[in-house]
Amino acid sequence: MTNSNNDTQKISRRDFVKVGASSAAGLLLASCAPSATPEPVSNTVAPAAPTATSAPVITVPKEIRYVLNQSVTTLDPQLHVMRVFESVLRNCYEPLVQRSHDMLTIEPALAVSWEQIDELTMRFKLREGVTFHNGEPFNANSVKFSIDRILDEATGAPYRMSRYGNMAPPVVVEEYIIDVKTIKPDPVLLSRMTGWHMCMIPPEYFKEKGAEAFAQEPNGTGPFKFVEWVRDGAITFEANPNYWRGAPKVEKIIFRSVPENQARVAALRSGEADIITHMPPDDISTIERDDNLTFKTVPSTGILFGQIYYTKPPTDNKLVRQALNYAIDVDSLIENVLAGYAIRIPTALPEFVWGYDPSIQPYSYDPEKSKELLKEAGFPDGVEIIFDSVQGRYLKDKELAQAMTGMLEKAGFKVTLNLYEVSRVWDMQLKGEIGHLSIWGWGNQMFDADDTLYPEFKSFPDSTQQRESDFDPEIDEWVNEARVSIDPERRKELYSKVQERIKENAPWIFMFQQVDIYGVRKSLPWDPRSDENSWLYAVGT
């Protein structure tokens, strides 16, 4: 095992509320309500207000240097699987509709309006006069090509079945009118159209380049045009002077990856970076002492959890999985490792996602209960587990894994902790070579329970990944029905059942909703979004 490192700044929950989640946002949490059919407005909670700082001299730089904690491995907007990829690519590519900065509204993007024609059809009127960066026109044929590519099994879009499995091929009505179709009713279709694989790509350019070259030389309709990608180095974009919203004020943006936390902070302090992601809470006091720098926080759409691999002993035993949950003091992890920058959740949904059931309470921290369950499961002397986890992907993930290891051993587990880069753990998982436990995250980009409970807990034919419903088929029935029901009360009832059942079956160690922390040059007029989208067009516009 490795030693845990808890030498981090402690702040109280009350202090966290001051810097991370405003009381107004808390009131919104209590008032969230669903819509029976897709509408332009989606009821979600507003992210936290940025941390208050002294008034800086605001300037719009010609160049923004944005430092990420993770490398980008593809520039294909329809084949990536992580939020960091989406964050970069959304400066180049656009969907038909998008979330407003406060996440409260679905706004026009490449579509100017939409209406529900029937229970299986939403008609979009497209923006005219828009071109891709190579001059190719954007129109209904572009939309059809983009969506057809996602739905084509041969493309290998990672979320083809889980997020878009109910979609049917779209139908072109006119040059700038298209009908997006579903196989069964979809109460959250509009949210489904706001991003990820639903960014629009140019048909002729794709056919000319081919999939491999397209993934290295992006060509969208967005505010910034691709210039260069140095593998394991920088990705450079320049302003698109013909952007339909108007040319960006920023002339160039450069994304680069620096996995090591202190190296990112050093880049910000030395002037080599203007924005850094995943800033460690330990460094907040240092940043605050620098007159040129500040930090900004926002509740994330992402959650962090302990993925339990339950297809092999001993974690194929429900009692062992429950014991793992009782063994982890999640509140202590939040306070002592993350300095309060996280929000405890009882199961798999963040608080501001529609369908979240506030009546369900999280597992208590009870190491003695954990030992009792292990004894009941046939392991009176404890049990060995392999903890293969990521480092460098999530904020303080290494320290979280180390602290969790100590807690597990206190509760009777004998833990072998291995820390790997995220790509290695992902590959091990896909090949079935992973141990019993890992730390993973999931981002809910639709602000609806469907976007977590369906892809994470429904079974899929021929999937290489385990699913909760592999041994609990009722969950399949519930999430399938909820996905196509237009009765919001029935959907809420079904999602509550799923949350109660997954808490009982314990396929995860349920942990927390993340709070994203950014280090930012104080003179830069930019605020983070809850969906982790960098959206640098907002600077100066």
Side-chain angles (χ1 to χ4, degrees), residues 34-43 77-78 95-99 106-126 140-174 176-201 353-355 444-461 476-492 494-495 498:
S35 174
T37 57
E39 296 178 358
V41 176
S42 176
N43 295 317
Q78 297 179 333
L96 298 186
V97 292
Q98 64 184 29
R99 288 270 175 192
I106 294 180
E107 302 175 328
L110 291 177
V112 295
S113 63
W114 51 90
E115 60 177 323
Q116 195 81 36
I117 300 299
D118 56 49
E119 65 177 13
L120 302 179
T121 308
M122 182 170 285
R123 177 164 293 175
F124 289 89
K125 183 178 180 182
L126 306 179
N141 288 328
S142 311
V143 177
K144 178 167 176 57
F145 180 85
S146 300
I147 296 177
D148 283 348
R149 181 181 181 234
I150 298 165
L151 301 183
D152 184 353
E153 185 176 0
T155 300
Y159 299 121
R160 180 181 69 88
M161 289 302 298
S162 61
R163 278 185 169 140
Y164 309 111
N166 187 38
M167 294 184 69
V171 176
V172 173
V173 179
E174 296 179 9
Y176 293 103
I177 297 177
I178 191 162
D179 286 347
V180 173
K181 310 284 288 186
T182 58
I183 299 168
K184 296 180 180 180
D186 185 348
V188 290
L189 177 61
L190 195 61
S191 290
R192 211 175 295 284
M193 301 298 297
T194 58
W196 288 82
H197 296 345
M198 284 295 158
C199 284
M200 300 296 112
I201 66 173
V353 163
W354 187 88
N444 189 305
Q445 63 106 4
M446 287 164 38
F447 293 83
D448 188 276
D450 175 82
D451 197 34
T452 299
L453 301 183
Y454 189 94
E456 282 297 299
F457 300 104
K458 175 186 159 49
S459 59
F460 294 97
D476 258 6
E477 297 174 14
W478 295 336
V479 296
N480 282 337
E481 181 183 345
R483 166 161 279 202
V484 300
S485 173
I486 60 172
D487 179 352
E489 292 306 314
R490 177 58 177 164
R491 294 185 76 229
K492 186 180 295 185
L494 291 164
Y495 288 139
V498 175

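The figures here come from the full heavy-atom set of this structure, side chains too, leaving out hydrogens, waters and symmetry mates. All residue numbers refer to positions in the sequence shown, counting from 1.
Side-chain contact between V172 and N141: present, with at least one pair of heavy atoms (C-beta onward) separated by less than 4.5 Å. Residues M200 and S142 have side chains not in contact (no heavy-atom distance under 4.5 Å, counting atoms from C-beta outward). I106 places none of its side-chain heavy atoms less than 4.5 Å from the side chain of F447. Taking 4.5 Å as the limit, every side-chain heavy atom of V479 sits out of range of all side-chain heavy atoms of F457.
Side-chain N or O atoms of T452 include none that pairs as donor or acceptor with a backbone N or O of A449 at under 3.5 Å. A donor-acceptor pair is defined here as one N or O able to donate and one able to accept, closer than 3.5 Å; no such pair exists between the side chain of Q98 and the backbone of E107. The backbone N or O of T194 sits nowhere less than 3.5 Å from a side-chain atom of Q445 that would complete a donor-acceptor pair. Panel note: side chain T155, backbone A157; no donor-acceptor pair is recorded below 3.5 Å. R123 places no side-chain N or O within 3.5 Å of a backbone atom of S113 that could act as its donor or acceptor partner.
The aromatic rings of W114 and F124 sit tilted relative to each other, their planes meeting at an angle between 30° and 60°. Classified by interplanar angle (parallel below 30°, tilted 30° to 60°, perpendicular above 60°), the ring pair W196/Y159 is perpendicular.
Within the structure, every pair that satisfies the salt bridge (Lys or Arg N to Asp or Glu O under 4.0 Å) test and touches residues 146-160, not counting sequence neighbours, is listed here: D76-R149, K144-D148. Residues in residues 162-172 take part in these salt bridge (Lys or Arg N to Asp or Glu O under 4.0 Å) pairs, two or more places apart or across chains: R163-D451. Pairs of residues two or more places apart, or lying in two chains, never qualify as salt bridge (Lys or Arg N to Asp or Glu O under 4.0 Å) while including a residue from residues 109-122.
Applying the salt bridge (charged side-chain N to carboxylate O under 4.0 Å, His left out) test to R192 and every residue at least two apart in sequence or in another chain returns D186, D450. Under the side-chain hydrogen bond (donor to acceptor under 3.5 Å, both in side chains) criterion, T182 pairs with no residue, sequence neighbours left out. For the side-chain contact (heavy atoms from CB on, under 4.5 Å) test, residues two or more places apart in sequence or in another chain that qualify with F145 are I201, P203, F206, K207.
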Open item on the list: As a quick check of understanding, evaluate side chain to side chain contact (heavy atoms under 4.5 Å, CB included) for M167 and M193, giving each step before the final call.
Closed with: CA-CA 11 Å; M167 294 184 69; M193 301 298 297; 4.0 Å; yes

